[in-house]
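In this text the structure is predicted, and so the values were computed from the model without any measurement. In what follows, every chain begins at residue 1, and chains take the letters A, B, ... in the order their sequences are listed.
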Number of protein chains: 2
Amino acid sequence: MKRATLRDIARELGVTVATVSRALKDYPDISLATKQAVLATAERLNYTPNPLAVKLRQQAYKVVGVVVPDIVHPFFSDVISGIVDVVEELGYHVILSQSNESYEKEIRVTQMLHATGVDGLLVCLSNETVAVDHLRALQDYDLPVVLFDKTSAELAASSVVTNDFQGAYDATAHLLDQGYTRVAHIKGPTHPENTRQRFAGYQAALTAYGLPFRPEYVAECQAVTHAEGAAFAQQFMRLPEPPDAIFAVSDSVAIGAITALKEMGRRVPEDVAVIGFSDWAVCELLTPSVSSVAQPAYAIGRRASELLLREIQQLRDEQPVEHSRVVLDAVLKVRASSQRPESNPE
Amino acid sequence: MKRATLRDIARELGVTVATVSRALKDYPDISLATKQAVLATAERLNYTPNPLAVKLRQQAYKVVGVVVPDIVHPFFSDVISGIVDVVEELGYHVILSQSNESYEKEIRVTQMLHATGVDGLLVCLSNETVAVDHLRALQDYDLPVVLFDKTSAELAASSVVTNDFQGAYDATAHLLDQGYTRVAHIKGPTHPENTRQRFAGYQAALTAYGLPFRPEYVAECQAVTHAEGAAFAQQFMRLPEPPDAIFAVSDSVAIGAITALKEMGRRVPEDVAVIGFSDWAVCELLTPSVSSVAQPAYAIGRRASELLLREIQQLRDEQPVEHSRVVLDAVLKVRASSQRPESNPE
DNA sequence: CTGAAAGCGCTAACAA
DNA sequence: TTGTTAGCGCTTTCAG
């Protein structure tokens with residue numbers, strides 16, 4: 001069955017397409033009789049407007065593009081879920097792409113998204129991404145871009161991030177409150193702003209508690225994996241004075257560290273406390289359950305979409321486009337892996 | 001900066017848009033001089049074709065719609081990843097929607113997807129879905145639909161599923177091979193075909209091993225949650241002759257059951273073995289590690305997209321559309337939760 | 001209250 | 001080799 005067009009309806013009723021179009025959109029000046037006739041035949045022919053024609057006419061795609069490093073990741077699927085929920089309420093759809101943490105692929109997919117036709121872009125930068133010219137080029141075409149999670153100060157754009165500094169500070173302070181004194185940090189790569197912030201929060205907490213910063217207690221991941229967490233935990237334990245607590249930049253790294261510590265015969269949290277970042281669902285199910293800093297993933301998706309849709313609207317109304325930076329608080333989830341059974345058994 | 005159009009290029013060179021269009025598409029009959037001139041100015045003006053105009057002209061959206069019950073689910077995000085990888089190779093994009101396991105919402109989003117404009121649909125039915133008239137209606141508009149994971153025999157459409165029967169059979173047979181004799185099953189709701197198949201595989205294995213089917217050893221989930229797994233495990237243990245092994249329809253249910261069994265003081269796997277379905281990443285990390293039947297999620301996404309793209313092509317070529325049913329094997333992952341330490345300590 | 005006509009940007013058959 | 005023309009399906013002036 002071919003899709004019915006305005007012309008089909010018009011022909012059936014002996015009127016013009018303009019009349020039909022108006023009748024369907026509840027225009028003021030239209031006779032009740034024709035309106036009802038049009039509505040009836042539209043119903044009968046199962047009419048639905050051709051989306052392409054409508055969009056071409058209005059110069060609006062009603063689509064937002066989303067680029068994440070990796071779809072198969074609990075944090076990102078949560079963010080995506082938030083995005084989908086918000087944009088669908090306003091009749092927009094979501095086109096999804098992944099960069100696989102590759103700068104090249106990120107350039108490719110953002111350009112493809114622009115070529116395919118989107119009204120705006122929601123992007124989480126890949127770990128490899130330093131330069132943001134590819135995004136600036138899109139902005140030059142009046143395509144609004146909102147960054148989330150991994151953002152860049154180089155780009156004049158709205159962004160939504162977790163308060164990584166505060167989350168990291170809270171995590172480190174919690175360990176220190178528990179009586180641990182030699183707190184190490186497995187940090188992420190230097191490029192994404194958010195892992196730098198976690199590092200800064202860690203340092204700030206040490207300073208606030210009057211503890212020295214010890215470079216040998218800091219390791220830097222490349223790929224931010226389970227395996228790296230394990231490797232660095234082993235490296236730390238080989239130090240003359242090994243740390244008694246580890247704050248890891250991610251849950252995967254934390255879990256890798258815990259696995260390695262157990263294999264080395266260290267008890268968690270008695271000998272070494274561990275705390276991660278992101279609060280994956282697994283954290284609760286592991287033994288010991290893993291303390292972690294929860295990122296408001298779903299809320300990030302929602303806020304980022306709201307900002308993007310606002311900018312799209314402002315652009316359409318030829319109003320000045322306002323950029324905002326939204327920082328959402330992280331929530332520390334204290335579980336077994338960071339709680340010293342009896343802080344001071346004295 | 002406004003997006004350049006064919007007309008802009010044409011005006012600059014004093015030719016018509018038709019010439020420009022042809023030059024850009026490497027038409028045979030075009031002078032080298034004009035072709036180069038066009039290419040040069042196109043480059044200079046940063047020309048990219050207006051996707052809407054192209055699509056309206058060719059009557060092709062270059063977009064496939066995807067409907068899953070829940071984006072935030074490791075199985076589905078894996079499937080989606082497979083879909084995205086395949087369709088992007090052919091210049092298509094993915095529009096994502098979720099039904100939240102609601103029949104009503106599934107109807108709404110599939111219609112929205114049709115209204116928005118997609119060339120085809122990849123759908124995993126919600127647990128609530130029994131009737132498939134909403135999908136049949138879309139097929140009537142020559143919109144190809146491919147079902148995956150949760151499918152329906154009511155719809156004449158291609159489908160890609162896990163071999164749930166074989167997976168369930170293997171899981172049950174494995175338990176029986178380990179020496180467990182009273183194997184219970186926590187099954188899913190009756191509607192989705194796949195949980196029925198798991199139930200059938202369970203029964204077939206019992207029969208093959210000459211064991212009776214005991215109705216009191218079967219419980220049926222509604223929501224397929226952690227909590228239900230826990231509740232049914234407790235129910236089983238209250239039986240006069242409780243089972244010594246449980247095959248659960250999903251990992252969440254299996255993990256819930258294990259949690260409850262531990263709380264009741266039963267050891268897993270010594271007193272009761274447990275095996276789940278889906279092989280979530282957590283299974284490996286829990287204590288005891290949880291045996292499970294792995295579904296080829298990424299491959300399901302790939303195969304389903306391949307079938308859909310084939311049908312879209314066939315439709316465009318006005319060839320007959322062929323439907324296929326692809327059944328991909330499940331793989332049993334044996335871990336600690338289902339392995340009797342010493343089968344016969346005799 | 002409704003029709004006629006223009007146009008969104010691009011493509012393709014037909015002329016020249 | 002290039003221009004002319006028509007049209008994809010819809011919206012929106014401008015007339016009447």
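A sub-4.0 Å separation between OP1 or OP2 of C:dG3 and a side-chain N or O of A:T19 is present. Taking side-chain N and O atoms only, A:T34 has a distance below 4.0 Å to OP1 or OP2 of C:dT2. For D:dG9, the OP1/OP2 oxygens have no side-chain nitrogen or oxygen of A:Y47 closer than 4.0 Å. Proximity of B:T16 to the phosphate of D:dT4: no side-chain N or O atom is located under 4.0 Å from OP1 or OP2.
Put simply, CD1 on A:I30 is 7 Å from C1' on C:dC1, counting in whole angstrom units. Rounded to a whole Å, the CD atom of A:Q59 is 12 Å from the C1' atom of C:dC10. The CZ-C1' distance, from A:R7 to D:dC8, rounds to 9 Å in whole Å. Straight-line distance from the CG atom of B:L24 to the P atom of C:dT11: 8 Å, rounded to whole Å. Rounded to whole Å, the distance from CG on A:L13 to C1' on C:dG3 is 15 Å. Between the C1' atom of D:dT13 and the OH atom of A:Y27 lies a distance of 9 Å, rounded to the nearest Å. Protein atom CZ of B:R22 is 14 Å distant from nucleotide atom P of D:dT5, rounded to whole Å. For B:N50 and D:dC8, the CG to C1' distance is 13 Å, given to the nearest whole Å.
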Stepwise salt bridge (Lys or Arg N to Asp or Glu O under 4.0 Å) test for A:R3 and B:D142: CA-CA 9 Å; A:R3 205 162 174 152; B:D142 287 334; over 6 Å; no

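The shortest non-hydrogen separation linking A:L39 to A:A23 is CD1-O, 4.1 Å. Across all non-hydrogen atoms, the minimal contact from B:Y61 to B:D119 is N-OD1, 2.9 Å.
Closest contact between the side chain of A:D29 and the listed nucleotides C:dA12, D:dC10, C:dT2 involves C:dT2. The nucleotide whose nearest atom lies closest to any side-chain atom of A:V54 is, among D:dG3, D:dC10, D:dT12, D:dC10.
Along DNA chain D, the nucleotide nearest B:K35 and the nucleotide nearest B:V17 are compared for position; the residue whose nucleotide lies closer to the 5' end is B:K35.
Here B:T5 lies in heavy-atom contact (under 4.0 Å) with sugar-phosphate atoms only. Within the 4.0 angstrom heavy-atom criterion, only backbone atoms of the sugar-phosphate kind lie near B:K25; the bases stay farther away.
Under the 4.5 Å side-chain criterion, counting only non-hydrogen atoms from C-beta, B:D149 is not in contact with B:V79.
Electrostatic pairing of A:K105 and A:E128 does not count as a salt bridge here, judged by no charged N lying under 4.0 Å from a carboxylate O.
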